[in-house]
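Quick notes on the structure that follows.
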Amino acid sequence: PMTYQDVRGYFEKACYTALTTAGIPAADISFDNYGETAAPADRPYAIVALSFGGTVEDTLSCEGLERLRGSLQVNIYTPKQQGSKPGEDIALAVLKAWCAINATRTFTAPLLNAACHNIEGPATLAPDQRPHHVNVVSCAFKARVN
């Protein structure tokens with residue numbers, strides 16, 4: 001039987017790798033199922049949130065296969081007074097990772113395939129009292145598992 005952790009882990013690992021490659025320290029990347037702590041105002045950080053929407057959809061004529069659907073969002077926090085470029089550069093790394101998922105043809109069982117759709121962003125959140133500028137990227141995902 002399939003576990004949600006396989007799908008969650010696949011998408012979160014892609015985000016984590018993109019974020020660390022783009023310069024966010026590993027300790028400053030939080031996931032929705034683990035504590036979120038803001039980094040100091042002079043350091044970027046990110047929060048990755050994955051939600052399962054249509055949780056289990058049996059695939060007709062393919063006994064034992066399931067399709068999982070959901071949404072993925074990455075909030076990228078960068079120091080203020082530096083313009084939008086730092087956050088947008090990090091967002092671009094995440095968007096490229098999601099596009100790479102779409103180009104992947106080989107997966108590790110139980111994951112049979114995965115894709116990101118309706119990719120949006122980077123969107124800038126309205127300024128507020130937080131010491132960071134916020135960029136958001138999001139997508140819908142689908143995964144087929146055995």
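Position 1 is the first residue of the sequence; numbering continues from there. Just so it is clear, the model here is predicted, and its values are computed rather than measured.
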If I compare all heavy atoms of [X] with all of [Y], which pair ends up nearest, and what's the gap?
X: Pro44; Y: Pro79; answer: N-CD, 4.1 Å
X: Phe141; Y: Ser51; answer: CE2-O, 3.7 Å
X: Gln73; Y: Asn75; answer: NE2-OD1, 2.8 Å
X: Asn102; Y: Ala115; answer: OD1-CA, 3.3 Å

Do [X] and [Y] have side chains that get closer than 4.5 Å, going by heavy atoms?
X: Arg43; Y: Asp28; value: yes
X: Leu112; Y: Phe107; value: no
X: Asp6; Y: Leu111; value: no
X: Val74; Y: Leu19; value: yes
X: Lys142; Y: His117; value: yes
X: Val134; Y: Thr124; value: no
X: Tyr77; Y: Ile47; value: yes
X: Tyr4; Y: Val7; value: no

Rounded to the nearest 0.5 Å, what's the gap from [atom1] on [X] to [atom2] on [Y]? Could you check?
X: Lys96; Y: Thr21; atom1: NZ; atom2: OG1; value: 11.5 Å
X: Leu92; Y: Lys85; atom1: CG; atom2: NZ; value: 9.0 Å
X: Leu72; Y: Arg8; atom1: CG; atom2: CZ; value: 9.5 Å
X: Thr78; Y: His133; atom1: OG1; atom2: NE2; value: 5.5 Å

Should [X] and [Y] be regarded as members of a common hydrophobic cluster, given that ILVMFWY residues are connected when their side-chain heavy atoms come within less than 4.5 Å of each other, either directly or indirectly?
X: Tyr45; Y: Leu125; answer: yes
X: Phe31; Y: Val137; answer: yes
X: Leu95; Y: Ile101; answer: yes
X: Val136; Y: Phe11; answer: no

Test side chain to side chain contact (heavy atoms under 4.5 Å, CB included) on Thr20 and Ile29 and set out the steps.
CA-CA 8 Å; Thr20 56; Ile29 300 171; 3.6 Å; yes

Start with the C-alpha distance between Ser71 and Phe52, add both sets of side-chain angles, then the distance that settles side chain to side chain contact (heavy atoms under 4.5 Å, CB included), and finish with yes or no.
CA-CA 7 Å; Ser71 61; Phe52 290 98; over 6 Å; no

* Could you walk me through whether Glu120 and Asn118 pass the side chain to side chain donor-acceptor pair (under 3.5 Å) test, one step at a time? => CA-CA 6 Å; Glu120 295 186 12; Asn118 305 329; over 6 Å; no

Spell out, as yes or no, whether a donor-acceptor pair under 3.5 Å connects the side chain of [X] to the backbone of [Y].
X: Asn135; Y: Pro122; result: no
X: Lys80; Y: Arg130; result: yes
X: Asp32; Y: Leu50; result: yes
X: His132; Y: Pro40; result: yes

